[in-house]
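In each ligand, atom 1 is the first atom listed, and ligand 1 is the first ligand listed.
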Amino acid sequence: MQLTIEKIDSMLLDIPTIRPHKLSMATMACQTLLLVKMSCSQGIVGWGEATTIGGLGYGPESPESIKSAIDTYLAPRLVGHEFSGVETLHQCMDQYVKGNSFAKSALETAFLDAVGKKLGLPISALLGGAQTNALPVLWTLASGDTKQDIAEGRKLLAQGRHNTFKLKIGAKPLIEDLRHTLAIRQALGDSVSLRVDVNQAWDTATAIKGIAALQDIGIDLVEQPIALWNKTALVELSQRFTLPILADEAVSTLYDGYALAAAGFTGAYALKIAKAGGPAQALKLAHVANAAGIGLYGGTMLEGSIGTIAALHAWSTQTLYWGSEMFGPLLLKDDVITTPLVFEQGRVSLPNSPGLGVSIDEDKVSFYQRPASGHRIQ
Ligand code: MUC
Ligand code: MG
């Protein structure tokens with residue numbers, strides 16, 4: 001297999017969210033999708049996507065910096081070159097550009113889409129083969145209001161769309177977050193799995209107090225309670241409590257995963273294609289986790305359909321002990337693929353036609369595309 005990349009176009013799309021989505025570091029009224037359109041030999045076109053949360057609130061790459069890294073530094077190194085697969089593509093990207101895993105993820109996704117279309121195989125087949133075509137998916141209750149979250153959770157349970165929920169806490173004092181969590185726990189009932197994501201907001205002392213209380217409330221998983229750099233305390237917290245800790249911001253690549261496991265971390269890892277540099281790179285972290293006996297969770301950067309489906313192809317090759325949160329497209333008011341993903345009975349189904357397995361509505365892409373001179377503060 002050889003594929004020559006002939007042209008790379010990147011664009012920013014701003015799509016409103018269905019309601020404000022409140023995290024400890026940002027409130028999202030809109031999500032910005034960075035889309036990549038990769039034109040290759042034989043008229044094959046691949047699509048990729050990268051998103052982040054809250055501009056520069058989540059990590060070191062913003063939508064605008066992802067676009068600039070692609071346009072100025074990555075695309076010129078790739079265009080006109082022939083690649084035999086994602087590994088040679090990555091060697092080239094890593095040689096000229098350090099870091100910038102979100103930008104690389106969009107390009108790796110577009111390349112995988114193109115390779116799949118050339119070979120007539122879904123991306124999952126390129127990555128090892130799907131174990132399932134319906135993946136577990138939770139929903140995040142993050143309106144910022146306890147009553148509204150309860151109403152939203154009840155409605156989704158009644159519809160049968162989700163049976164597992166994640167709450168975003170950490171922006172408010174601990175006592176308020178605990179009251180909020182307990183109220184939702186009581187309202188939604190014991191058969192529902194409830195998790196919380198603190199997005200690094202606590203110091204270690206608050207985490208010890210908070211996790212002990214969350215354990216009593218019956219929470220199943222506590223995601224990234226403390227700062228991403230504090231690996232020592234994260235390991236200690238994982239060993240101190242029976243309530244498992246999910247490492248998110250603290251674990252991006254296989255190297256992070258190895259270091260945390262070697263230090264004695266006993267929790268689980270949130271895989272994200274953006275953190276690792278693409279679907280194939282994220283699976284390297286999954287393999288390290290498998291070797292260390294660490295459970296996996298399919299994580300999202302609240303991608304639209306293209307990024308979500310790219311991740312689903314990768315996650316489908318794994319056993320996700322903690323399920324996934326690939327609900328990003330449901331949080332957006334509109335979509336750029338012609339046939340939306342189907343979410344029902346706590347699962348999302350994986351397309352199985354070649355590449356990503358989707359058709360892009362290019363009129364929608366143009367409609368939501370940010371003008372070249374425009375800017376948006378999330
Ligand atoms: C995160 O930190 O996990 C995932 C789901 C959600 O609502 O926010 C994200 C980001
Ligand atoms: Mg998280």
Side-chain angles (χ1 to χ4, degrees), residues 17-33 49-61 63 101-102 105 135-144 148-149 152-153 156 161-162 164-171 177 180-181 184 193-202 207 214 219-228 230 234 244-252 256 260 267-276 282 285 295-304 307-308 311-312 315 320 322-332 343 348 378:
T17 56
I18 54 170
R19 57 147 169 77
H21 196 63
K22 296 199 173 181
L23 297 84
S24 71
M25 69 304 189
T27 298
M28 299 167 61
C30 140
Q31 177 59 309
T32 302
L33 317 182
E49 183 196 311
T51 56
T52 187
I53 294 170
L56 286 168
Y58 183 95
E61 288 172 79
S101 63
F102 287 54
S105 177
L135 287 93
V137 59
L138 59 66
W139 174 256
T140 298
L141 298 169
S143 71
Q148 194 179 329
D149 282 356
E152 195 174 294
L156 293 169
R161 203 180 78 184
H162 301 279
T164 302
F165 298 94
K166 161 162 150 174
L167 314 181
K168 287 290 190 180
I169 61 172
D177 274 341
H180 169 77
T181 307
I184 295 177
S193 175
L194 265 194
R195 294 100 185 265
V196 299
D197 190 354
V198 189
N199 282 115
Q200 312 185 59
W202 292 340
L214 291 166
I219 295 305
D220 292 327
L221 198 59
V222 179
E223 184 169 342
Q224 199 61 51
I226 54 173
L228 79 100
N230 200 348
L234 199 69
I245 309 284
L246 178 66
D248 180 8
E249 288 91 324
V251 66
S252 296
D256 302 326
L260 212 53
Y269 288 166
L271 305 172
K272 289 185 181 175
I273 60 170
K275 292 190 298 182
L285 170 60
L296 297 176
Y297 177 67
T300 180
M301 285 307 300
L302 300 174
E303 288 101 353
T308 297
L312 287 172
W315 309 163
L320 299 177
W322 291 101
S324 90
E325 57 183 18
M326 307 314 297
F327 65 83
L330 297 173
L331 190 64
L332 305 184
F343 290 82
V348 54
Q378 291 192 43

Participant: Check whether any side-chain heavy atom of Leu285 lies under 4.5 Å from a side-chain heavy atom of Lys275, and answer yes or no.
Facilitator: no
Participant: Near Asn199, which atoms of ligand 1 are under 4.0 Å from a heavy atom of that residue?
Facilitator: 1 (C), 2 (O)
Participant: Please examine the side chains of Leu302 and His21, heavy atoms only from C-beta on, and report whether any two atoms are closer than 4.5 Å.
Facilitator: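 His21 vs Leu302: side chains touch.
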Participant: Using a 4.0 Å heavy-atom cut-off, which part of Thr140 comes near ligand 1: side chain, backbone, both, or neither?
Facilitator: side chain
Participant: For Leu302, take its heavy atoms, then give the atoms of ligand 1 lying under 4.0 Å from any of them.
Facilitator: 5 (C), 6 (C), 7 (O), 8 (O)
Participant: Is there a donor-acceptor contact under 3.5 Å from the side chain of Ser101 to the main chain of Ala274?
Facilitator: yes
Participant: Give the numbers and elements of all ligand 1 atoms closer than 4.0 Å to a heavy atom of His21.
Facilitator: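 Heavy-atom distances to His21 below 4.0 Å select 6 (C), 7 (O).
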Participant: Tell me the protein heavy atom at minimum distance from atom 6 (C) of ligand 1, and give that distance in Å.
Facilitator: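 Looking only at protein heavy atoms, the one closest to atom 6 (C) of ligand 1 is Lys168 CE, 3.5 Å.
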Participant: For Asp197 and ligand 1, does the shortest N/O to N/O distance drop below 3.5 Å?
Facilitator: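 Asp197 vs ligand 1: N/O contact under 3.5 Å present.
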Participant: For ligand 1, which atoms, with element, lie under 4.0 Å from some heavy atom of Ile53?
Facilitator: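 Near Ile53, the atoms of ligand 1 are 9 (C), 10 (C).
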Participant: Quick one: does Tyr58's side chain get under 4.5 Å of Leu23's, heavy atoms only?
Facilitator: no
Participant: Identify, by atom number and element, the atoms of ligand 1 in contact range of Thr300, meaning under 4.0 Å from any of its heavy atoms.
Facilitator: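 Every atom of ligand 1 under 4.0 Å from some heavy atom of Thr300: 4 (C), 5 (C), 9 (C), 10 (C).
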Participant: Which distance, rounded to the nearest 0.5 Å, do you find between the CE of Met326 and the OG1 of Thr300?
Facilitator: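 Result: 4.5 Å between the selected atoms.
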Participant: Would you indicate whether the side-chain heavy atoms of Gln224 and Asn199 approach each other to under 4.5 Å?
Facilitator: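 Contact flag for Asn199/Gln224 side chains = no.
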Participant: If I apply the N/O under 3.5 Å rule, does Lys272 come out as touching ligand 1?
Facilitator: yes
Participant: Considering only heavy atoms of Asp248, which atoms of ligand 1 have at least one such atom less than 4.0 Å away?
Facilitator: 1 (C), 2 (O), 3 (O)
Participant: I'd like to check Asp220 versus Leu194 (side-chain heavy atoms, cut-off strictly below 4.5 Å). Are they in contact?
Facilitator: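 Not touching, per the 4.5 Å side-chain cut-off.
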Participant: Can you check whether Phe102's main-chain N or O pairs, donor with acceptor, with Glu61's side chain at less than 3.5 Å?
Facilitator: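 Judged by distance alone, yes, a pair lies under 3.5 Å.
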Participant: Is there side-chain contact between Leu156 and Phe165, with at least one heavy-atom pair below 4.5 Å?
Facilitator: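 Yes, their side chains come closer than 4.5 Å.
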Participant: What is the OD2(Asp197)-the Mg ion (ligand 2)-OD2(Asp248) angle, to the nearest 10 degrees?
Facilitator: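 Between OD2 of Asp197 and OD2 of Asp248, the angle at the Mg ion (ligand 2) is about 180°.
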Participant: Could you tell me whether ligand 1 has any atom less than 4.0 Å away from a heavy atom of Glu223?
Facilitator: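 Distance cut 4.0 Å: Glu223 passes for ligand 1.
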Participant: Would you mind telling me if ligand 1 is within reach of the side chain of Phe327, the backbone, both or neither, using heavy atoms under 4.0 Å?
Facilitator: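 For Phe327, only side-chain atoms sit under 4.0 Å from ligand 1.
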Participant: Using non-hydrogen atoms of the residue, decide whether Lys166 is closer than 4.0 angstrom to ligand 1.
Facilitator: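 Judged by the 4.0 Å heavy-atom criterion, Lys166 does count as contacting ligand 1.
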Participant: For ligand 1, which atoms, with element, lie under 4.0 Å from some heavy atom of Tyr58?
Facilitator: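 Within the 4.0 Å cut-off of Tyr58, ligand 1 contributes 2 (O).
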Participant: As a test of understanding, state which of Arg195, Gln200, Lys166 forms a side chain to side chain contact (heavy atoms under 4.5 Å, CB included) with Glu223.
Facilitator: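 Result: among Arg195, Gln200, Lys166, Lys166 is the only option passing the side chain to side chain contact (heavy atoms under 4.5 Å, CB included) with Glu223.
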Participant: What protein heavy atom sits nearest atom 4 (C) of ligand 1, and how far off is it?
Facilitator: Glu325 OE2, 3.3 Å
Participant: Checking only N/O/S atoms, does Glu223 have one that is under 2.8 Å from the Mg ion (ligand 2)?
Facilitator: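 Coordinating: yes.
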Participant: With a 4.5 Å limit on heavy-atom distance, are the side chains of Lys168 and Met25 in contact?
Facilitator: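 Counting from C-beta outward, Lys168 and Met25 never come under 4.5 Å.
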